[in-house]
Amino acid sequence: MNNERISKLLDEFNTFGYTENGMRRITYTKEEKLAKEFFKKKSEELGMDVRFDSVGNVIARREGIDHSLPAIAVGSHIDTVYNGGKYDGLIGVIAGLEIIEMLEEEGIQTVHPIEVIAFTCEESSRFNFSTLGSKAMTGDLKQSDITQLKDRDNISLQEALKRQNLELENIHLAKRKEKEIKAFFELHIEQGNRLIENNKTVGIVDGIAAPLRLSLTIEGKSAHSGTTSMEKRQDALLAAAELALEVEKAAVVERKQSTVATVGVMNVLPGAINIVPGLVNLKIDIRSTDVNSRNRVWKKVSDKVEQLEKHRNVKVVIEWKSEEVPVMMDKTIVHSLSELCENMNIEYMTMSSGAGHDSMNMAKRWPTGLIFIPSLNGLSHHPEEFTKLEDISTGIKLLKEVVLSYAMQCSKKEKKL
């Protein structure tokens, strides 16, 4: 393990998209493309074969003794949110490169090939659509789902792809055959406080929470703020405020299930100091690994909607609703990681993830493991995001051992293939 090398690589990657207000390595931009090209260069220096797939994922491959066997894949993403941090996603890609570097130094040739994958468009910041790259790789992406996507500058996803010499019509070509991959592993910063609060160095993720997302519009009636008496008002903002508080209250009741809920957007119209708000759009995100718990929160919010319509004389319209299913990590891999932590004297805990990751898509097709390392103060998606180098090193050591345990094995079934 070479900590100086890891630190240098982290700094080199973060020259792409660096600003004084945080990282801006946004998906399908020049900055992300330069980072991908840098990843390609570093991988080729290690003797790996590198290819870009039809959505812009970058796949670097180190051949094994038996080229016909499925690969052990590791990786994460290199795009960031607007004004983001230097560690989110990138650590998982650097970890893969460092493992290959160590195998080269130690002269270790694995039975299975090893792939390091840099996924594209993991963050939803630009197009309000997350984990596009891994969805495409697993075949869980329809062209119709993304055709109408546009960013805040009104640039369509189709145009953004064209600027990267990619075609929307070819996204289906990114889907990989099941026999190509044996297992997938991702190392990621926690983006929360639980590891630090419990004095643990590693989190072994057993499940990833899935969101129930809703967009609601509350229709009241705009009126003059000086001439409309309080009892005559149909104030859409006050109704929205009550609803937002109900979202919080319902989620707090479900805290034992690690269920969370957020009102992340609230647009108020007309938006003038002397007009009673007549229209409010708000977006709600409810997450849990327990679908029943998540549904209980929504039921309470839904009941509150009915109450508000009666008592505040407003109309509430649900414009859209998306409902995803929580994803569980492979139990055998969770057990293997736990045993490795015990053998390596690593302080660890088993935990769920409230945030989505590329692992949740890969787990739908291949055995998948997700490892967390601490984020200082639980901070992420922020310029001050920070993870200690020694924690990164510990995570990479664990990742290397589990990758080798899978890359050195060859089952009878695989021999027949």
Side-chain angles (χ1 to χ4, degrees), residues 21-22 81-84 123-130 148-156 209-255 257-288 291-324 354-355 381-382:
N21 297 315
V81 299
Y82 292 101
N83 303 327
E123 301 288 3
S124 60
S125 300
R126 184 174 183 187
F127 294 104
N128 291 314
F129 192 95
S130 64
Q148 304 302 320
L149 296 180
K150 292 185 178 182
D151 67 11
R152 60 190 189 183
D153 297 316
N154 209 35
I155 297 171
S156 69
L212 168 62
R213 287 175 170 162
L214 307 111
S215 176
L216 290 81
T217 295
I218 300 177
E219 299 175 7
K221 190 172 183 178
S222 298
H224 195 294
S225 65
T227 60
T228 309
S229 62
M230 300 303 291
E231 68 273 12
K232 296 293 184 181
R233 297 185 180 198
Q234 294 171 251
D235 192 321
L237 177 56
L238 291 181
E242 281 197 50
L243 189 59
L245 289 171
E246 183 63 30
V247 169
E248 178 193 42
K249 181 180 176 182
V252 168
V253 173
E254 298 291 331
R255 60 185 178 274
Q257 282 69 41
S258 298
T259 299
V260 294
T262 307
V263 177
V265 175
M266 190 179 288
N267 296 314
V268 183
L269 294 173
I273 194 170
N274 62 341
I275 301 176
V276 175
L279 191 72
V280 174
N281 173 262
L282 66 162
K283 292 178 173 60
I284 302 172
D285 181 299
I286 309 170
R287 298 190 187 211
S288 183
V291 174
N292 292 328
S293 174
R294 189 180 68 181
N295 288 343
R296 286 194 294 270
V297 172
W298 168 235
K299 177 64 168 58
K300 289 179 180 177
V301 174
S302 180
D303 289 345
K304 185 66 175 180
V305 165
E306 291 184 13
Q307 180 187 339
L308 288 170
E309 287 184 318
K310 292 177 182 178
H311 295 118
R312 285 200 173 270
N313 196 21
V314 295
K315 180 182 178 183
V316 182
V317 178
I318 300 175
E319 295 184 271
W320 53 260
K321 174 180 174 182
S322 65
E323 191 170 1
E324 297 181 24
H381 287 187
H382 190 280

Where [X] and [Y] come nearest, the two heavy atoms and their spacing:
X: P270; Y: G278; result: CD-N, 3.9 Å
X: A236; Y: G220; result: CB-N, 3.9 Å
X: E324; Y: A210; result: O-CB, 3.4 Å
X: E309; Y: V316; result: OE2-N, 2.9 Å
X: K283; Y: W320; result: CE-CZ2, 4.0 Å
X: I155; Y: F127; result: O-CE2, 3.5 Å

Contact between [X] and [Y] at the side-chain level, heavy atoms closer than 4.5 Å - yes or no?
X: T259; Y: R296; answer: no
X: K300; Y: K249; answer: no
X: Y82; Y: R152; answer: yes
X: Q234; Y: V276; answer: no
X: V305; Y: L243; answer: yes
X: N281; Y: E319; answer: yes

*With sequence neighbours excluded, give me every salt bridge (charged side-chain N to carboxylate O under 4.0 Å, His left out) pair touching residues 210-223.*
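Only R213-D285 qualify under salt bridge (charged side-chain N to carboxylate O under 4.0 Å, His left out).
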*Which salt bridge (charged side-chain N to carboxylate O under 4.0 Å, His left out) pairs, counting each pair once, include a residue from residues 230-244, with sequence neighbours left out?*
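As it turns out, the salt bridge (charged side-chain N to carboxylate O under 4.0 Å, His left out) pairs with a partner in residues 230-244, which skip direct neighbours, are E242-K304, E242-R312.
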_No-hydrogen, no-angle side-chain donor-acceptor test under 3.5 Å, N274 and S225_ =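 No, no side-chain donor-acceptor pair sits under 3.5 Å.
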*Side chain D151, main chain D153, donor-acceptor under 3.5 Å*: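 Yes; judged by distance alone, with no hydrogens or angles, the pair exists.
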_Treating R287 as the side-chain partner and A209 as the backbone partner, does any N or O pair qualify as donor plus acceptor under 3.5 Å?_
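No: the side chain of R287 does not pair with the backbone of A209.
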Euclidean distance, [Y] [atom2] relative to [X] [atom1], rounded to 0.5 Å:
X: S322; Y: L212; atom1: OG; atom2: CG; answer: 7.0 Å
X: L282; Y: I284; atom1: CG; atom2: CD1; answer: 5.0 Å
X: T217; Y: K315; atom1: OG1; atom2: NZ; answer: 10.5 Å
X: Q257; Y: N292; atom1: CD; atom2: CG; answer: 9.5 Å
X: I318; Y: S302; atom1: CD1; atom2: OG; answer: 6.0 Å
X: I275; Y: L237; atom1: CD1; atom2: CG; answer: 13.0 Å

*List in chain and number order the residues that pass side chain to side chain donor-acceptor pair (under 3.5 Å) with S258, two or more places apart in sequence or in another chain; answer none if no residue qualifies.*
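Here no residue qualifies.
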*Is it the case that more than 12 heavy atoms not belonging to Q307 sit under 6.0 Å from its CD atom?*
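Result for CD/Q307: enclosed.
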